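Chain A is the first sequence line, chain B the second, and so forth, proteins listed ahead of strands; every chain is numbered from 1. Owing to the predicted nature of the structure, the values given are computational and were not obtained by experimental measurement.
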Amino acid sequence: MAIGEKTVNGVACGSEPRVPADRPNDERYDAQRVETKWFERWQQDASLYAAEPDSTKKKYYVLEMLPYPSGALHMGHVRNYAIGDALARYMWMNGYNVLHPMGWDSFGLPAENAAIQNNTPPRLWTLRNIANMKGQMKRLGFAYDWAREVTTCLPEYYRWNQWFFLKLFEKGLAYRKKSKVNWCPKCATVLANEQVVNGCCWRHEDTLVEQRELEQWFVRTTKYADELLAGLDKLEGWPEKVRTMQRNWIGRSEGTRVDFKLDYAENHTGFGPAGSTIPVFTTRVDTIYGATSVQLAPEHPIVKDLAAANPELRAKVDQLIGEQRKAREAGDIGEIEKHGVFTGRYAINPFNSERVPVWVANYILMDYGTGAIMSVPAHDERDYEFAKKYGLEVHIVILPVSGDPDDTVAEPQLPFAGHEGMLINSGRYNTLACEDAIRKMSAYAEENKFGKATVTYRLKDWGISRQRYWGTPIPMLYCERDGIVAVPEKDLPVILPENVDITLTGGSPLERVPDFVHATCPKCGGAARRETDTMDTFVDSSWYFYRYTDAHNDRAPFDGRAAQYWFPIDQYIGGVEHAILHLIYSRFWTKFMRDLGMITNDEPADRLFTQGMVIKDGRKMSKNIGNVVSPDVMVARYGADAARLYSLFAAPPDRDLDWQDSGIEGIQRFLGRVYRFVMRNARPDHADWRKPVPPELPAVARGIQRKLHQTIKRVSDDFQGRWHFNTCISAIMELVNVLYASEEAIGGNEVPVPFLADVLRNLVLLMAPFAPYLAHELWEMLGEKGNLLKAAWPKFDVELAKEEELEIPVQINGKLRSRIVVPRDATEAVVLERALADEKVKAAIAAKQVVKKIYVPGKLVNIVVK
RNA sequence: GCCAUCGUGGCGGAAUUGGCAGACGCGCAUGGUUCAGGUCCAUGUACUCGCAAGGGUGUGGGGGUUCGAGUCCCUUCGAUGGCACCA
């Protein structure tokens with residue numbers, strides 16, 4: 001059946017009354033019937049949402065974060081995709097060339113867990129889930145270009161992960177090192193720093209992460225630390241919250257490295273190699289004359305050396321290590337009770353040659369800065385607390401200076417950590433201001449080669465090795481003769497084998513697949529062992545959106561020209577939980593690809609929108625709590641339009657949404673009201689149906705017209721600006737309420753048919769981004785033959801939207817006392833005169849004196865009396 | 001501890017720039033339609049005094065700026081999220 005063939009759905013057409021006797025007034029909108037009909041039609045046309053580069057049109061790339069195929073969509077997905085789909089449809093209607101793709105982030109642990117539990121191979125389980133969820137998405141009516149579908153667990157995708165890895169390796173951005181890594185015992189694999197939340201695994205909030213010493217592959221994200229940070233300032237289309245979170249995560253800190261020489265005056269063995277130094281990092285080198293000790297992290301290599309020769313010290317250090325680890329795992333390192341132990345050794349402050357004791361303390365972290373600090377009790381809270389506890393000396397070297405010249409410089413209250421100060425007791429730096437001193441002292445340290453102005457980051461390189469099966473094999477070989485050897489590009493992809501025994505006993509499952517492990521060294525032709533770890537799945541999602549631009553390329557990850565046309569993403573939409581993980585990795589990957597010459601954009605997405613969570617009964621929807629609402633059930637009960645519309649209506653999209661079953665029923669009612677109104681009043685066969693709207697309309701029609709144009713303005717403005725779709729929808733509801741109130745007049749002949757047609761068409765167009773099924777059905781009912789998807793978005797006329805008369809509230813001393821009605825172009829004098837003539841106003845100001853009269857044009861009058 | 005966001009009816013929420021607080025929806029109440037229930041249609045619904053007309057109060061609390069504050073400023077309490085002995 002062609003679109004438009006069946007037009008009026010049984011409604012009698014012509015000049016007869018539009019409420020036929022044989023049709024009850026209360027017919028329910030049968031969402032299932034209508035949605036099934038359009039679902040089938042849309043299924044038949046695969047090219048409906050296809051996007052191809054077209055230089056004659058402005059492009060718009062709208063992207064929602066791709067889901068993990070866990071089995072079924074949840075309401076969070078529906079909400080995310082309803083937002084993106086509304087935007088995509090709105091942009092189509094505004095004539096843009098829209099790219100709106102979807103894919104599957106389909107590697108990862110749940111597939112392996114499912115494999116263990118139900119004895120289903122991960123691949124089968126995953127592909128089955130994808131099929132189901134794709135069906136759900138289609139049923140929900142989301143307009144994706146499925147020809148560009150990306151499935152990350154398929155070799156045609158993950159081979160490019162491997163290809164990128166080779167490039168990273170080539171450029172020195174992928175490297176292998178042995179280090180302490182985060183280990184989740186439940187996942188039986190390593191986690192990136194970003195995947196550790198409060199000392200626990202991001203997937204298992206109750207499982208403490210352990211530290212293990214392992215040889216791992218790392219990606220040098222820190223190479224771009226500065227650019228990742230600086231770029232945030234330019235990402236004005238990103239929520240400030242996300243930018244702040246990334247700034248915190250990168251944690252750039254400017255300071256100075258200063259090397260304290262170990263004092264060998266009294267010897268020794270086991271205190272590092274002779275002449276060795278302890279580099280410390282400080283942001284306050286200006287306070288260095290006040291340093292009265294050096295504090296080392298318990299895991300500092302020098303401590304290890306020293307402890308090896310001193311069992312007593314060793315026992316104490318072990319205790320400190322234990323305390324620190326415990327506090328870290330509990331996530332309250334910030335509250336750890338400070339403990340320390342004197343090593344018995346001294347170091348030399350290079351600025352004043354003072355000999356200071358070297359301590360080990362449990363609050364010093366090995367993985368930040370240099371793992372050692374200089375302790376300045378007078379000017380640092382922590383150092384002060386520690387010094388008081390252990391009786392270390394306190395040397396004041398900064399005096400606070402206020403802006404007030406009469407305020408003489410006084411003894412500071414300790415500890416004084418402020419920057420507004422002047423140096424004292426600091427040799428040739430005395431009287432300098434702090435900031436000035438920092439610069440001069442850093443320079444001096446560098447000239448004399450015992451230090452340097454340095455920048456330290458909290459951000460660490462990204463550990464990507466995972467001891468799991470269901471992921472991209474890392475394309476590396478280990479040869480006895482040649483060491484670490486990359487798999488040649490021509491041998492990609494390294495295929496992930498099937499039928500692998502998956503257990504969570506530790507170690508990579510792939511280790512137990514001899515066919516996989518045994519390989520040939522491409523350099524010497526000898527036997528080599530294949531890397532059996534797989535990549536973190538965040539590699540997959542770091543660049544997937546580029547693949548959409550050229551999804552079937554088998555010679556490259558994507559064609560640069562395709563990416564050039566579509567990128568950057570105009571609008572990216574997803575949950576805020578990815579603010580750090582995915583969004584920092586993918587920004588890194590974009591910069592890396594740019595430096596490879598593959599793309600020209602510096603950032604992946606111009607604008608980012610983070611939608612709120614879906615909550616029910618005050619808690620996040622979750623299977624564990626048992627408060628999940630199934631999209632399938634909602635679709636079956638109320639229809640896809642209702643589920644989508646409700647998820648947009650119940651709250652502004654950036655806020656959490658409190659799901660209420662009764663709310664979606666209200667939306668169902670609203671859809672029925674729209675349906676019934678259009679059904680009753682559409683007269684596409686009427687002779688005047690397609691005639692132009694007359695310039696002069698009767699009062700009732702004019703009232704409707706005004707409301708219509710106000711509504712178009714409100715909805716359009718919101719799409720352009722703040723995206724409060726909840727108010728867009730309530731605006732449309734108001735319009736429909738006005739139409740209902742005027743229906744009697746419409747039934748009489750007070751509303752000219754061409755105008756009626758105009759109203760109904762515009763109503764349907766306004767609904768189209770939010771409720772596509774109903775809108776398509778009604779569009780057809782109105783006798784429209786063209787595809788609603790690309791029908792022009794309605795334009796509003798500011799003049800037509802204006803009220804002819806204004807109701808102006810009149811306040812007396814700021815309290816509302818009356819209202820007056822004035823013509824919309826009434827002058828201030830006229831308005832004030834009428835306000836003062838108003839009976840209620842007169843009564844209220846009778847015995848008083850008018851002090852002031854304020855008129856805010858078009859808004860209100862305030863009369864001040866005393 | 002630091003930073004960010006947010007506190008509005010019985011509930012979800014509206015008020016975009018300092019200008020009518022509570023749009024829209026849910027719920028509830030009343031009436032109509034119906035044999036009845038549901039559906040649908042209409043009306044009402046912040047609190048409070050009052051039969052009513054009409055008055056008073058009201059956006060977490062306190063203070064301030066202003067003719068006028070949910071909105072701006074100070075302060076305080078609470079919720080959520082992020083960072084956290086980060087040297």
For a quick check of understanding: with a heavy-atom distance under 4.0 Å over all strands, which category does [X] fall into, base, sugar-phosphate or nothing?
X        : answer
A:Asp718 : nothing
A:Arg247 : nothing
A:Gln295 : nothing
A:Trp659 : nothing
A:Lys815 : sugar-phosphate

task: Assign B:G9 to syn or anti; the rule is syn for a glycosidic angle within 90° of 0 and anti otherwise.
output: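 Syn, since the glycosidic angle lies within 90° of 0.
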
- request: Would you kindly check whether a donor in the side chain of A:Asn862 faces an acceptor in the base of B:C67, or vice versa, at under 3.5 angstrom?
  value: yes

May I have the distance from [X] (atom [atom1]) to [N] (atom [atom2]), rounded to whole angstrom?
X        : N     : atom1 : atom2 : result
A:Leu645 : B:C26 : CG    : P     : 12 Å
A:Ile664 : B:G27 : CD1   : C1'   : 17 Å
A:Asn737 : B:C41 : CG    : C1'   : 12 Å

message: Closer than 4.0 angstrom, basic N to acidic O: yes or no for A:Arg79 and A:Asp656?
response: no

Measuring from the side chain of [X] (C-beta onward, heavy atoms only), which nucleotide among [options] has the closest atom?
X        : options             : result
A:Thr727 : B:A14, B:A87, B:G19 : B:A14
A:Arg722 : B:C67, B:C86, B:A15 : B:A15
A:Phe649 : B:A87, B:G25, B:C41 : B:G25
A:Arg817 : B:A23, B:G56, B:C67 : B:G56
A:Met733 : B:G82, B:G19, B:C24 : B:C24
A:Gln660 : B:C86, B:G12, B:G19 : B:G12
A:Ile364 : B:A87, B:G19, B:C41 : B:A87
A:Arg714 : B:A87, B:U16, B:C40 : B:U16
A:Met245 : B:A87, B:A23, B:G82 : B:G82
A:Arg669 : B:G82, B:A42, B:G27 : B:G27

When both hydrogen-bonding distances must be under 3.5 Å and the geometry is Watson-Crick or G-U wobble, what is [N] paired with, if anything?
N     : value
B:C35 : none
B:A52 : none
B:G70 : none
B:U65 : none
B:A42 : B:U30
B:G7  : B:C77

Between [X] and [N], does any side-chain N or O lie under 4.0 Å from OP1 or OP2?
X        : N     : answer
A:Arg676 : B:C41 : yes
A:Arg382 : B:G1  : no
A:Lys852 : B:C67 : yes

field: Position toward the 5' end of RNA chain B (nearest nucleotide), A:Gln668 or A:His724
entry: A:His724

message: With nearest nucleotide decided by heavy atoms, which residue, A:Arg655 or A:Ser730, maps closer to the 5′ end of RNA chain B?
response: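 Result: A:Arg655.
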
For [N] and [M], measure between their [atom1] atoms and round to the nearest Å.
N     : M     : atom1 : result
B:U45 : B:A23 : P     : 10 Å
B:G22 : B:G12 : C1'   : 13 Å
B:C51 : B:G60 : P     : 32 Å

Does either side chain, that of [X] or that of [Y], offer a donor lying less than 3.5 Å from an acceptor on the other one?
X        : Y        : result
A:Gln295 : A:Asp383 : no
A:Asn182 : A:Gln211 : yes
A:Tyr457 : A:Asp226 : yes

task: Determine the sole option in A:Val294, A:Val303, A:Val360 for which the side chain to side chain contact (heavy atoms under 4.5 Å, CB included) test with A:Thr343 is passed.
output: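 Single side chain to side chain contact (heavy atoms under 4.5 Å, CB included) partner of A:Thr343 among A:Val294, A:Val303, A:Val360: A:Val360.
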
- request: Decide if the gap between the ring center of A:Phe725 and the ring center of A:Phe719 is smaller than 6.0 angstrom.
  value: yes

query: Under the side chain to side chain donor-acceptor pair (under 3.5 Å) rule, what pairs show up with a residue in residues 852-862 of chain A, not counting sequence neighbours?
result: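 Listed once each, the pairs would be none.
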
